[in-house]
Q: 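Take this structure first; my questions come after.
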Amino acid sequence: MSSSRRQYPFHLIEPKWQQTWEQQQAFRAFNPGEEIPANHPFAVRHKLSGKVAATQLPEKFYILDMFPYPSGAGLHVGHPEGYTATDILARYRRACGFNVLHPMGWDSFGLPAEQYAVKTGQHPRVTTEANIANFTRQIKSLGFSYDWSRELATTDVEYFTWTQWIFLKLYNSWFNPETNKAEPIETLNFPAALETMEEFREIDPVKGDEFHFIKPQSLEEKQRLYRNSKRLAYVSEAPVNWCPELGTVLANEEVIDGKSEVGGFQVVRKPMRQWMLRITAYSEKLLADLDAIDWSDSLKQMQRNWIGRSEGAEVKFKVFGTGGYDFKIFTTRPDTLFGATYAVLSPEHWLVDHIASPEQEKAVQDYKALAAGKSDLERTELAKEKSGVFTGAYAINPVNGEKIPIWIADYVLASYGTGAIMAVPAHDERDLEFAKKFNLPILQVVQPPDAKTDWQGFTDDGTAINSGFLNGLPTPEAKRKITAWLEEKGHGKKTINYKLRDWLFSRQRYWGEPFPIIWKKDAAGNLYHEALPESSLPLLPPSLEDYKPTADGQPPLARAKDWLNLPDGSVRETNTMPQWAGSCWYYLRYTDAKNAQSFVGKDADNYWMASNGKAAGVDLYVGGTEHAVLHLLYARFWHKVLFDLGFVATPEPFYKLVNQGLILGEDGQKMSKSRGNVVNPDDVLVEYGADAFRLYEMFMGPLQDTKPWNTKGVEGVYRFLGRVWRLFVDEKSETAFEQAETISTSKDELLDLILLDGGITDIAATPAQLKVLHACIKKVTEDLDGMRFNTAISAMMVFINEAMTWQTKPLSVMKTFLQLLAPFAPHLAEELWARLHATFGQTAPSLAYAPWPKFDAALLVESEIEIPVQVNGKFRDTIKVAVDADNAALEAAAKASEKVQTFIAGKTIKKIIVVPRRMVNLIVG
RNA sequence: GCGCGCGUGGUGGAAUGGCAGACACGCCAGACUUAGGAUCUGGUGCCGCAAGGCGUGAAGGUUCAAGUCCUUUCGUGCGCACCA
């Protein structure tokens, strides 16, 4: 390293304190009932020791980072941004007297380690452990106050045992619409009709259509099928997003513009047997409970959009002619039913094959084939032009008995609503475009409020016309009336639809949690699934030589024949769970990380998640926006199931959530290897130290904003820390220290050469000094509460700039300042704190647990203040007045100002606005 | 297209409706120095010698007073995107 002279010996200070904290287990959080050593700083601060009940513990504060995937590339500067923010707040809350839970762990299942295994044959666990070791080293070098005793990795057997256990809970539960919550599957009553039912119709959870017609042989089989159709974890054979390149299926959320989110590979639709989780049962709760939590509006909006609730009606249309078929459509505009001039089924709709007329049969089949061959991308992005074909069949509009043609078109999605629509071209843009292209009739049924507005393509609310008994009604009323009419006549009903679809939960991978599921054959030879008992957990993955999928496309687990085939002839499930599984509940495990009896103990959950009266557990959760709809929705879903089943105490997992912004490269571009603008924290640490790094990450700008990295900026805060150092230490001793450093190697003794600045004395502070200090306490405290780290740091800079001019530095003031600095630059603060106490023969209490200073408002009161004077609203001068000057005095002082005089001379004062303590404005004319 | 956010010096960014630009970077000048990529001091929105004028993407509006509130508009970022 050929760098400039160090501002201060952070290279000695930082390892020293990191070691001290580790030895003391300084940041270990204690659970209710846990033995607290009497000499632990937490015990000392709160005068506790031994086993302490929840009620005797201080109020909890649970502050959580989104745990990282330990990639081979190591930490980049984006990771520590959120971690620094949470660490500052954790330290602040600890000082404020809270019992702070601040854990860290690893989201360690995942594709890269597996891909590496496919290439090299090295077990993913080996790669994963090496990466975790590197991440741990990097994170620890930043001096974060994590409770490492609670560290976990989703790949730990002790952890994924319970991930599998939760899966069993999902599998063995159903959502009871009566009680509006998840319940054990045993509470599901079999309908009486089941016994006599000859044909079992399985409901496609995605399309809402019946797609499986099974003729069960026995009542037992009927009951099994019935239960399986209700479980929260179930098997579906719906089309899935298959990514050949990755050799696995992906959830809808993991597919972006027809490409995989990871790697950007082509994704195709393919029907496969898959495990699904019934997240749609929770659509309403997931939506409604957003109101109870403190997340940013934009994030809530993203989740709302994703859930996509829309109110409308389902209307049953009979197919004209033979067969007695009917189909349901969903519409949000039932009031326009009179304007429906045709109907459209999605090409995949089950009815299509049954109703196509002989003349149209070929065209229909060709179109279906065409649509099936298109990727999602082609169906949407390239759909500038609508396409479709007439089926040759007609439907009867229930409202007026009109015969309308039934078309199929891929602008109608199979996966939304009922996969079928009524087309009202007059008042729907898509229908209009389609109708124009295929010359279908367009009938106005809504009159726009403004007569000048063209009714064609008018989609807003208006007044119903050409609509029989609805005529003259405003849209909302027309909706109500037609819905009531439909219900009365049995033609339809009010319906709420959600865009949210069930969660595709299986992956064809090796490096994930195996499903605790086996497949059996019944007497008739039908394959059925069965859960393993809880007592058999954990189910470990087999060891493999080769991690590729099998030649016939089976997941890698199918290679392990010994593992796969059980003595009784049953076969194990070969899919594994997606990476999201582990991250769905890790925040719960942190509260009771070592519990071998349960995924989390009741006492621990009650204390850490529910004891401060808030509706939801984690007090602050910080992470990137990339998880806005994936992890955060899935975790909320699991949490709600666990809540319904009585395993956790709160309905929501994360009370307050903040997204940190992206850190861009110095060139203002997103950091990436290919651009060569990646900043490695290790390099920054060598040059400037952890404290400067932490400080800079926070000083760059508001946490939530996207902002570019700037090495010069690091130097700025580094210089600030240097000034703090020089404010405290004696310059001569530092010179001696530097000379000694060139010849000596013993680090601790070296630091002892540093002496305090002679100006620091144990004397009373002057009022001016107190004012500077307390202004700083106030600003830093308020900014920490508001998570405005950048302005808090600037307040400390102001303090230092001021204090640099002091001849004498009162000990008390200097100590208090160090307390303010401690959350931001803990190593430097601890070192100076210790030195300060030692020099004055005092024992230093742990800075991490020293009570946070309170500012005294009385000290900030000025006797005289400067206030601005305006003439005609323009600033002209400031006047110095007594703080309690009344309006008359302010007015007089304002008029007396020389500068003001020049602007009012020869003019009449028409009006004077005086805001006491704020300003004076003279209106002249 | 729809929804949300953001537009302030050369740069990152500050500003309960009340002195725009805190703090920092950069730059300029000076001091101390053999030296400075250390440190310290001063300066630094723009125009102007100055007095003063002009300034928060643009245009209107509300107000004694607007970066801040309202309307329109442009730009930009993010999310969603044939969701009936």
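As the structure is a computational prediction, the values presented were derived from the model and not from experiment. In what follows, every heavy atom counts, from backbone to side chain, and hydrogens, waters and symmetry copies are set aside.
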Q: Can B:G9 be described as syn, meaning its chi torsion is within 90° of 0, or is it anti?
A: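 Syn, which is what one calls it when the glycosidic angle falls within 90° of 0.
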Q: Considering heavy-atom distances to RNA chain B, does A:R723 or A:I421 have its closest nucleotide positioned more toward the 5' end?
A: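 Counting from the 5' end, the first nearest nucleotide belongs to A:R723.
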Q: For RNA chain B, which residues in residues 772-780 of chain A have a heavy atom at a distance below 4.0 Å?
A: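 Of all residues in residues 772-780 of chain A, none places a heavy atom under 4.0 Å from RNA chain B.
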Q: Mind checking A:G716 for me? I need base, sugar-phosphate or nothing, with any heavy atom below 4.0 Å counting as a touch.
A: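 Contact class for A:G716: sugar-phosphate only.
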Q: Out of A:V869, A:I867, A:V915, which one pairs with A:L890 under the side chain to side chain contact (heavy atoms under 4.5 Å, CB included) rule?
A: A:I867
Q: Of the nucleotides B:A84, B:A24, B:C19, which has the atom closest to the A:N801 side chain?
A: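 Looking only at side-chain atoms, A:N801 lies closest to B:A24.
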Q: Sequence neighbours left out, what passes salt bridge (Lys or Arg N to Asp or Glu O under 4.0 Å) with A:K437? Give chain and number order.
A: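 Only A:E385 meet the salt bridge (Lys or Arg N to Asp or Glu O under 4.0 Å) criterion with A:K437.
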Q: For residues 664-671 of chain A, run the donor-acceptor check on the side chains, cut-off 3.5 Å, and write out each pair with its distance to 0.1 Å, sequence neighbours left out.
A:
from: A:E666; atom 1: OE1; to: A:T711; atom 2: N; distance (Å): 3.3
from: A:E666; atom 1: OE2; to: A:T711; atom 2: OG1; distance (Å): 2.6
from: A:D667; atom 1: OD1; to: A:Q669; atom 2: N; distance (Å): 3.1
from: A:D667; atom 1: OD1; to: A:N677; atom 2: ND2; distance (Å): 3.0
from: A:D667; atom 1: OD2; to: A:N677; atom 2: ND2; distance (Å): 3.4

Q: Please work out if A:T878 contacts a base, only the sugar-phosphate, or nothing of the nucleic acid, heavy-atom cut-off 4.0 Å.
A: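 A:T878: base contact, heavy atoms under 4.0 Å.
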Q: Only pairs at least two apart or in different chains count here, so list each salt bridge (charged side-chain N to carboxylate O under 4.0 Å, His left out) that has a residue in residues 782-803 of chain A.
A: A:K778-A:E782, A:K779-A:D783, A:D783-A:R788
Q: Below 4.5 Å, heavy atoms only, C-beta onward: do A:K479 and A:E311 meet side chain to side chain?
A: no
Q: Need to verify one output field. Residue with the more 5' nearest nucleotide on RNA chain B, A:R719 or A:V920?
A: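 The residue whose closest nucleotide sits nearer the 5' end is A:V920.
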Q: Not counting sequence neighbours, which residues clear ring pair (Phe, Tyr, Trp, His ring centres under 6.0 Å) with A:W806? List them please.
A: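 Partners of A:W806 by the ring pair (Phe, Tyr, Trp, His ring centres under 6.0 Å) criterion, ordered by chain and then number, come out as A:F799.
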Q: Does any non-hydrogen side-chain atom of A:L290 lie less than 4.5 Å from one of A:I293?
A: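 A:I293 vs A:L290: side chains touch.
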Q: Mark up nucleotides 60-65 of chain B, 5' to 3', with B wherever a protein heavy atom is under 4.0 angstrom from a base atom, S wherever such an atom reaches only the sugar-phosphate, and - elsewhere.
A: ----B-
Q: Thinking salt bridges, do A:K368 and A:D410 make one under a 4.0 Å N-O criterion?
A: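 No, this pair does not count.
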Q: The side chain of A:K712 lies closest to which of these nucleotides: B:C82, B:C25, B:C80?
A: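 The closest nucleotide is B:C25.
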Q: Rounded to whole angstrom, note down the C1' distance from B:U11 over to B:C4.
A: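 Going atom to atom, C1' in each nucleotide, I get 28 Å.
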Q: Rounded to the Å, how far apart are A:L500 CG and B:C80 P?
A: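 For the pair A:L500 CG and B:C80 P, the rounded distance is 14 Å.
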Q: Set out, in order, the CA-CA distance, both residues' side-chain angles and the distance that settles side-chain hydrogen bond (donor to acceptor under 3.5 Å, both in side chains) for A:W295 and A:Q303, then state yes or no.
A: CA-CA 11 Å; A:W295 295 13; A:Q303 292 224 335; over 6 Å; no
Q: Pick the P atom in B:U41 and in B:C23, then give their distance to the nearest Å.
A: 13 Å
Q: Under 6.0 Å from the ring centre and within 45 degrees of the ring axis: does the NZ or CZ of A:K386 meet both conditions for the six-membered ring of A:Y411?
A: yes
Q: Does the ring centre of A:Y342 sit less than 6.0 Å away from the ring centre of A:F434?
A: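 Yes - the distance between ring centres of A:F434 and A:Y342 falls below the 6.0 Å cut-off.
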Q: Within the 4.0 Å limit for protein heavy atoms, which parts of nucleotides 1-13 of chain B are touched? Write it as a string from 5' to 3', B for base, S for sugar-phosphate only, - for none.
A: --SS-------BS
Q: Considering every strand and a 4.0 Å limit on heavy-atom distances, what is the contact class for A:S296: base, sugar-phosphate, or nothing?
A: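 A:S296: no heavy atom of the nucleic acid under 4.0 Å.
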Q: The criterion is side chain to side chain contact (heavy atoms under 4.5 Å, CB included); which residues satisfy it with A:N497, sequence neighbours excluded?
A: A:S310, A:F330, A:Y416
Q: Can you tell which of B:U39, B:C40, B:A84 lies closest to the side chain of A:L413?
A: B:A84
Q: Only pairs under 3.5 Å count here: list side-chain donor-acceptor contacts from residues 898-914 of chain A, not counting sequence neighbours, and write none if there are none.
A:
from: A:Q901; atom 1: NE2; to: A:K895; atom 2: O; distance (Å): 2.4
from: A:T902; atom 1: OG1; to: A:K899; atom 2: O; distance (Å): 2.6

Q: What stems show up for RNA chain B when you take Watson-Crick pairs (N1-N3 plus N6-O4 or O6-N4) and G-U wobbles (N1-O2, O6-N3), both under 3.5 Å, and require three or more consecutive pairs?
A: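 So far as stems of 3 or more pairs are concerned, RNA chain B shows B:1-7 with B:74-80, B:10-12 with B:23-25, B:26-31 with B:39-44, B:45-47 with B:52-54, B:57-61 with B:69-73.
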Q: For the residue pair A:F693 and A:Y688, is the inter-centroid distance of their aromatic rings smaller than 6.0 Å?
A: no
Q: Quote, to the nearest angstrom, the P distance that separates B:G17 from B:C28.
A: 39 Å
Q: Kindly say if A:T791 contacts the phosphate of B:C23, meaning a side-chain N or O under 4.0 Å from OP1 or OP2.
A: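 For A:T791, the contact criterion (side-chain N or O under 4.0 Å from OP1 or OP2 of B:C23) is not met.
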Q: Picking from B:C82, B:G26, B:A84, which would you name as closest to the side chain of A:S310?
A: B:A84
Q: Does A:F317 have any ring pair (Phe, Tyr, Trp, His ring centres under 6.0 Å) partners at least two apart in sequence or in another chain, and if so, which?
A: A:F327
Q: When rounded to the nearest 0.5 angstrom, what distance separates CD in A:E862 from NZ in A:K880?
A: 9.0 Å
Q: So, is A:Y416 near the phosphate of B:A84, with a side-chain N or O under 4.0 Å from OP1 or OP2?
A: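 Yes, A:Y416 has a side-chain N/O under 4.0 Å of OP1/OP2 on B:A84.
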Q: Is the shortest side-chain N/O distance from A:R726 to OP1 or OP2 of B:C40 below 4.0 Å?
A: yes
Q: Look for any protein N or O under 3.5 Å of an N or O in nucleotides 50-54 of chain B and output each such pair with its distance, or none.
A:
from: B:G53; atom 1: OP1; to: A:R876; atom 2: NH1; distance (Å): 3.4
from: B:G53; atom 1: OP1; to: A:R876; atom 2: NH2; distance (Å): 3.3
from: B:G53; atom 1: OP2; to: A:R876; atom 2: NH1; distance (Å): 3.1
from: B:C54; atom 1: OP2; to: A:K874; atom 2: NZ; distance (Å): 3.0

